[in-house]
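Here is the structure we will look at, set down as structure tokens.
Values in this document were obtained by computation on a predicted structure and should not be read as measured data.
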Amino acid sequence: MRKGLAAIDKKVTLDSLKKLYMQVEEDGTVKMWGTDMEHFAEIRTNNAFDTSPGVLGIDIDDIKIISKMSGEVTLEDVSTKTQQRINIKCGKKIVTIPRYANTDIFLPAMDDTEAHIITTTESWLLETIANLSLFVAGDDVNKMLNVFNFNTKRKRIEALDNHRIALRSLDSQEIITVTENPFDTVKLHVKCLPVFKKIMDKKSDAGVKVYQDQKYIRISGKDFTYVIRRIDGQYFNIEQMLCDSRDFVFNADREEMLKIMKYNADMVKEEKEPTIFHSENGKLYTYLQTSRYQTFDEIETKNLVMDEDLFIGFNSHYLVDALSVIDSENPVFRGSKRNAPMYIDGNEYNFLILPINIAEESYIINFRTQLDRAV
């Protein structure tokens with residue numbers, strides 16, 4: 001039942017959308033589904049017995065009563081001509097609740113344009129969407145900042161906000177249909193994530209198939225089907241934003257860098273001051289100056305190449321997000337100049353982060369003062 005509630009918006013005003021509907025098939029399979037009319041979740045189970053075919057609806061508030069019961073629970077339709085009721089039996093306890101008929105809630109049928117786009121696994125898809133969700137803007141104005149773009153032509157899933165781009169490669173997944181038209185790529189809205197967290201198992205290697213037609217995206221697993229309205233339009237041309245810049249490049253230990261950036265993010269809080277990167281005498285240093293604090297770190301690197309005239313700043317919080325997700329213990333950091341992005345390359349994950357302008361020349365002067373003390 002918890003999974004069946006995944007797509008229901010508890011704040012919705014339409015009463016019929018506040019119900020979880022259950023259907024028992026002739027073969028004993030129990031289906032549960034709910035929706036907010038933008039996306040739909042159907043859960044299937046064979047973990048039921050002594051079943052009889054039929055359909056019933058339960059108000060989401062009444063499900064709280066059932067969830068408090070422990071042990072074997074029986075649902076029995078005891079409706080009469082004048083009252084629609086369900087008996088909930090658990091041990092010696094019987095609770096009677098209202099029963100609701102399903103008149104207009106159903107899982108949308110896909111049309112004849114439906115195409116199978118990709119096959120993956122529950123764990124891979126859930127991890128990908130959860131990780132990339134850090135990099136969507138949640139912008140109600142620009143819908144493309146709210147989606148994950150399945151770019152099967154470039155073999156990657158793309159997400160971005162106004163300051164950074166996150167990519168995960170599809171090379172290890174089974175692409176069934178290569179979508180050539182950028183208007184027709186699967187663009188999965190970020191609102192799917194809370195549902196995925198409830199209906200998918202992060203440890204499951206069960207297969208998941210992604211389909212799309214003219215109206216909907218359908219994601220089918222072994223015991224669930226998720227349907228969401230497709231989002232039309234052309235996604236951003238990510239390719240033109242990417243390049244193989246290597247005017248500066250280095251490898252750094254992910255854990256060490258993440259620890260430093262978390263510390264800096266905690267110090268900077270809501271201020272928009274950058275963590276500044278600079279190389280001197282073959283070593284890499286970072287410096288952060290807030291209205292109250294200064295912090296200076298030497299970072300252990302490999303393969304460091306960086307002009308000693310370069311001072312480049314980035315948002316500490318954005319670096320924390322990328323380093324928390326990237327799938328390499330020694331990712332590659334690379335870029336070109338002070339006003340250009342930095343790229344962070346892992347195995348399947350890659351990131352682009354735009355720099356922050358170092359507005360105060362005093363920051364660089366103070367950075368050099370710290371350097372002089374350090375050496």
Side-chain angles (χ1 to χ4, degrees), residues 131-132 134-135 154 156 158-169 236-265 268 272-289 295-361 363-364 367-368 370-371:
N131 285 341
L132 296 187
L134 299 171
F135 302 89
R154 297 288 182 180
R156 65 191 180 215
E158 305 164 341
L160 58 74
D161 58 18
N162 292 309
H163 309 284
R164 52 208 175 137
I165 298 171
L167 311 171
R168 188 174 192 183
S169 171
F236 303 98
N237 186 357
I238 298 292
E239 197 61 27
Q240 70 180 9
M241 307 178 201
L242 306 177
C243 64
D244 192 27
S245 299
R246 291 182 181 270
D247 291 345
F248 75 81
V249 62
F250 60 90
N251 294 79
D253 181 85
R254 186 189 74 87
E255 288 293 337
E256 180 194 5
M257 182 75 86
L258 179 58
K259 183 178 179 180
I260 291 170
M261 292 307 134
K262 281 184 174 180
Y263 191 91
N264 286 7
V268 78
K272 297 182 179 180
E273 306 302 343
T275 290
I276 302 172
F277 289 75
H278 174 68
S279 175
E280 193 113 340
N281 300 320
K283 295 181 179 180
L284 183 67
Y285 302 93
T286 63
Y287 174 77
L288 170 70
Q289 179 177 320
T295 178
F296 174 87
D297 289 278
E298 178 182 337
I299 297 179
E300 200 171 309
T301 63
K302 296 179 181 177
N303 310 312
L304 172 63
V305 176
M306 182 179 283
D307 193 311
E308 291 193 358
D309 291 331
L310 178 64
F311 290 82
I312 186 168
F314 297 96
N315 185 309
S316 308
H317 297 281
Y318 294 167
L319 290 169
V320 168
D321 287 343
L323 292 165
S324 297
V325 169
I326 201 159
D327 55 341
S328 170
E329 291 308 310
N330 292 281
V332 177
F333 298 77
R334 56 185 179 84
S336 57
K337 52 191 177 181
R338 185 166 167 171
N339 60 353
M342 178 161 68
Y343 301 87
I344 308 176
D345 300 329
N347 297 317
E348 288 192 348
Y349 287 99
N350 301 88
F351 303 94
L352 175 156
I353 301 177
L354 293 178
I356 297 177
N357 182 42
I358 304 172
E360 298 289 339
E361 193 64 28
Y363 290 1
I364 294 177
F367 195 164
R368 288 194 181 280
Q370 292 283 9
L371 276 169

Of all the heavy-atom pairs spanning Met257 and Ala252, show the shortest one and how long it is. CE-CB, 3.8 Å

Test item: Ile353 and His163 side chains (from C-beta on) under 4.5 Å apart, heavy atoms: no

Interatomic distance, Leu304 atom CG to Lys302 atom NZ [nearest 0.5 angstrom]: 13.5 Å

Do Ile364 and Tyr287 have side chains that get closer than 4.5 Å, going by heavy atoms? no

Lys337/Asp247 salt bridge by N-O under 4.0 Å criterion: no

Between the CG atom in Leu288 and the CD1 atom in Ile276, the distance rounded to the nearest 0.5 Å is 8.0 Å

Are any non-hydrogen side-chain atoms of Asn264 and Leu319 less than 4.5 angstrom apart? no

Judged by modelled atom types alone, do Asn303 and Asn251 share a side-chain donor-acceptor pair under 3.5 Å? yes

Would you confirm whether Asp297, through its side chain, and Ile299, through its main-chain N or O, come within 3.5 Å as a donor-acceptor pair? no

Parallel, tilted or perpendicular: which fits the ring planes of Phe311 and His278, with parallel below 30° and perpendicular above 60°? parallel

Do Asn315 and Arg164 have side chains that get closer than 4.5 Å, going by heavy atoms? no

When rounded to the nearest 0.5 angstrom, what distance separates CE in Met261 from NZ in Lys259? 13.0 Å

Under 4.5 Å between any side-chain heavy atoms of Ile312 and Met342, yes or no? no

Could you go step by step and tell me if Arg154 and Ile238 meet the side chain to side chain contact (heavy atoms under 4.5 Å, CB included) rule? CA-CA 10 Å; Arg154 297 288 182 180; Ile238 298 292; over 6 Å; no

Closest non-hydrogen contact found for Leu132 with Ala166 is CD2-CB, 3.7 Å

How many angstroms lie between CD in Glu158 and CG in Leu242, if you round to the nearest 0.5 Å? 8.0 Å

Quick one: do the Thr275 and Thr286 side chains pair a donor with an acceptor below 3.5 Å? no

Which pair of non-hydrogen atoms, one from Ile358 and one from Pro274, has the smallest distance, and what is that distance? CG1-CG, 4.5 Å

May I ask you to check whether Phe135 and Phe351 place their ring centers less than 6.0 Å from one another? yes

Distance-minimising heavy-atom pair for Asp345 and Arg246: OD2-NH2, 4.5 Å

With side chain to side chain contact (heavy atoms under 4.5 Å, CB included) as the test, would you mind laying out the steps for Ile356 and Lys272 before giving the verdict? CA-CA 8 Å; Ile356 297 177; Lys272 297 182 179 180; 5.7 Å; no

Any donor-acceptor pair under 3.5 Å from Asp327 side chain to Gly346 backbone: no

At what distance, to the nearest 0.5 angstrom, does CD of Gln370 lie from CD of Glu298? 13.0 Å

Is there a side chain to side chain contact (heavy atoms under 4.5 Å, CB included) between Val332 and Tyr343 once you walk through the steps? CA-CA 8 Å; Val332 177; Tyr343 301 87; over 6 Å; no

Expected output: side-chain Gln289 to main-chain Glu273 donor-acceptor under 3.5 Å: no

Going by the angle between their ring planes, with limits at 30° and 60°, are Tyr285 and Phe296 parallel, tilted or perpendicular? parallel

So do the side chains of Glu300 and Asp253 get within less than 4.5 Å of each other, counting heavy atoms only? no

If you look at every heavy atom in Leu310 and Ser336, which pair is closest and at what distance? CD2-O, 4.4 Å

Measure the spacing between NZ of Lys283 and OG1 of Thr301 and express it to the nearest 0.5 Å. 10.0 Å

Does the plane of the ring in Phe277 sit parallel, tilted or perpendicular to the ring in Phe314? Use 30° and 60° as the thresholds. perpendicular

4.5 Å side-chain heavy-atom contact, Asp244 and Arg334: yes

Pro331 to Arg254 - nearest heavy-atom pair and separation: CD-CB, 3.9 Å

Derivation and outcome, side chain to side chain contact (heavy atoms under 4.5 Å, CB included), residues Phe236 and Ile165: CA-CA 11 Å; Phe236 303 98; Ile165 298 171; over 6 Å; no

